[in-house]
Participant: 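Handing you a structure now.
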Amino acid sequence: IIYHKYFLNEVFQTGNYLVLLTNHSYQTMKNICHNYHIYYDYLICNHDTLIIDNKEHIIDKHLINNYSVLNIIHLFNQSDFTSKILCYNALGYVTRNYQEVAMIKLRTNKEIDLLTAYPFINTLLPDIEIKTGGYFHTIISKFDNKLSIESIINNINEDVETYVLSDSYE
């Protein structure tokens, strides 16, 4: 996104809508956009779990339900390979309020594929999605991310072009 700064600002300044799509946290993107003077209309971040506008109004957020959060913490706290579990709210801050968890980050002390190690997890917790690999794993609520774009489309003027830029290949 930083490398396309001039293009992005030109799109924004000519009255078009600019949507930035990233797996980074809101706080990380807020800092990047502030430091590099990148302007946008909407930001979809935290692995699509948060949609926020440039005035910091939350358009939509996808939280992991409390039951799943507690089960994930219990399951992985008892594991031999878990070294750290952090829960994040929609804005990307670490939280202990398990009713406001948008993302769980898990660090293991060895490389592991959680879906192979715990093949039952999708049956036990069908409402979560695990992005797994190596030592770092991300757990988010399972949802149709096309709805993220639709919630933005409902807020924009159809007569204005909309540009979406992603820094991810997913």
Side-chain angles (χ1 to χ4, degrees), residues 1-73 85-106 122 125-133 136-170:
I1 289 177
I2 295 169
Y3 301 112
H4 302 287
K5 169 186 163 178
Y6 298 108
F7 170 74
L8 296 174
N9 287 337
E10 183 178 321
V11 167
F12 182 81
Q13 291 170 355
T14 55
N16 298 302
Y17 285 106
L18 179 59
V19 179
L20 300 180
L21 178 62
T22 180
N23 287 337
H24 293 295
S25 74
Y26 171 67
Q27 288 304 314
T28 298
M29 288 308 297
K30 182 178 174 182
N31 291 338
I32 288 171
C33 290
H34 175 77
N35 291 339
Y36 291 94
H37 306 286
I38 297 171
Y39 305 99
Y40 60 88
D41 292 290
Y42 296 97
L43 180 62
I44 302 174
C45 55
N46 291 356
H47 295 274
D48 297 345
T49 61
L50 176 69
I51 304 169
I52 194 162
D53 69 12
N54 58 7
K55 295 176 179 66
E56 297 191 343
H57 297 119
I58 294 176
I59 307 299
D60 199 4
K61 61 183 177 179
H62 303 279
L63 302 177
I64 302 171
N65 77 51
N66 193 36
Y67 171 81
S68 294
V69 172
L70 295 174
N71 276 302
I72 290 164
I73 290 170
I85 300 174
L86 292 174
C87 297
Y88 294 86
N89 66 17
L91 293 176
Y93 293 109
V94 173
T95 183
R96 293 196 187 282
N97 177 359
Y98 296 145
Q99 295 180 0
E100 283 292 318
V101 174
M103 180 172 39
I104 299 172
K105 294 245 179 178
L106 175 68
N122 285 330
L125 303 169
D127 63 324
I128 65 163
E129 179 180 344
I130 299 176
K131 297 173 185 271
T132 184
F136 301 96
H137 315 276
T138 302
I139 302 169
I140 60 173
S141 124
K142 188 180 285 184
F143 61 94
D144 183 357
N145 58 3
K146 291 177 185 159
L147 298 176
S148 299
I149 299 293
E150 287 177 11
S151 64
I152 291 175
I153 290 171
N154 293 333
N155 287 318
I156 62 175
N157 180 344
E158 293 178 11
D159 298 332
V160 178
E161 286 191 50
T162 301
Y163 293 82
V164 178
L165 180 71
S166 173
D167 64 357
S168 173
Y169 56 85
E170 292 181 13

Participant: Would C87 and I73 satisfy side-chain contact (heavy atoms from CB on, under 4.5 Å), going step by step from the backbone distance to the final call?
Facilitator: CA-CA 9 Å; C87 297; I73 290 170; 3.8 Å; yes
Participant: Check the side chains of D127 and S68 for a donor-acceptor pair under 3.5 angstrom, ignoring hydrogens and angles.
Facilitator: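 D127 and S68 do have a side-chain donor-acceptor pair below 3.5 Å.
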Participant: For F12, is there any backbone N or O sitting under 3.5 Å from a side-chain donor or acceptor partner on N16?
Facilitator: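 No, the answer is negative, given that no donor and acceptor are paired below the 3.5 Å cut-off.
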Participant: Tell me which one of L20, N23, L21 satisfies side-chain contact (heavy atoms from CB on, under 4.5 Å) with I44.
Facilitator: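 With I44 as partner, L20, N23, L21 yield a single side-chain contact (heavy atoms from CB on, under 4.5 Å), made by L21.
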Participant: Using a distance-only test with no angle check, is there a side-chain donor-acceptor pair under 3.5 angstrom linking H137 and T132?
Facilitator: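 Result is yes, a qualifying pair exists.
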Participant: Are more than 12 heavy atoms, taken from residues, nucleotides or ligands other than Q27, located less than 6.0 Å from that residue's CD atom?
Facilitator: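 Counting other residues, nucleotides and ligands, CD of Q27 exceeds 12 neighbours.
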Participant: Quick one: CG on N71 to CG on N65, what's the gap to the nearest 0.5 Å?
Facilitator: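 If I round to the nearest 0.5 Å, the distance is 9.0 Å.
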Participant: Is it true that a side-chain atom of N46 and a backbone atom of D48 form a donor plus acceptor pair closer than 3.5 Å?
Facilitator: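 Side chain of N46 to backbone of D48: no pair is present.
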Participant: Give the C-alpha distance, both sets of side-chain angles, the deciding distance and a yes or no for side-chain contact (heavy atoms from CB on, under 4.5 Å) between I139 and I72.
Facilitator: CA-CA 9 Å; I139 302 169; I72 290 164; 3.7 Å; yes
Participant: Students often mix this up, so state it plainly: with edges at 30° and 60°, are the rings of Y42 and Y17 parallel, tilted or perpendicular?
Facilitator: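 Rings of Y42 and Y17: tilted, 30 to 60°.
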Participant: Any sub-3.5 Å donor-acceptor pair from N9's side-chain atoms to H37's backbone N or O?
Facilitator: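 The answer is yes, because a donor-acceptor pair under 3.5 Å joins these two groups.
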Participant: Test S25 against Y88 for side-chain contact (heavy atoms from CB on, under 4.5 Å), laying out the working first.
Facilitator: CA-CA 9 Å; S25 74; Y88 294 86; over 6 Å; no
Participant: Quick one: SG on C33 to CG on L43, what's the gap to the nearest 0.5 Å?
Facilitator: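 Answer for the SG-CG pair, C33 versus L43, is 6.5 Å.
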Participant: Short question: side chain of N122, backbone of P126 - any donor-acceptor pair under 3.5 Å?
Facilitator: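 No: the side chain of N122 does not pair with the backbone of P126.
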Participant: Looking only at the side chains, is there a donor atom on one of N97 and T95 sitting less than 3.5 Å from an acceptor on the other?
Facilitator: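 On atom types as modelled, these side chains do not qualify, holding no pair under 3.5 Å.
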Participant: Taking side-chain contact (heavy atoms from CB on, under 4.5 Å) as the test, write out the residues that go with T138, two or more places apart.
Facilitator: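 Once residues adjacent in sequence are excluded, the partners of T138 under the side-chain contact (heavy atoms from CB on, under 4.5 Å) criterion are H47, M103, K105, K131, I140.
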Participant: Hydrogens and angles aside, do Y26 and E56 bring a side-chain donor and acceptor to less than 3.5 Å of each other?
Facilitator: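 A donor-acceptor contact under 3.5 Å links the two side chains.
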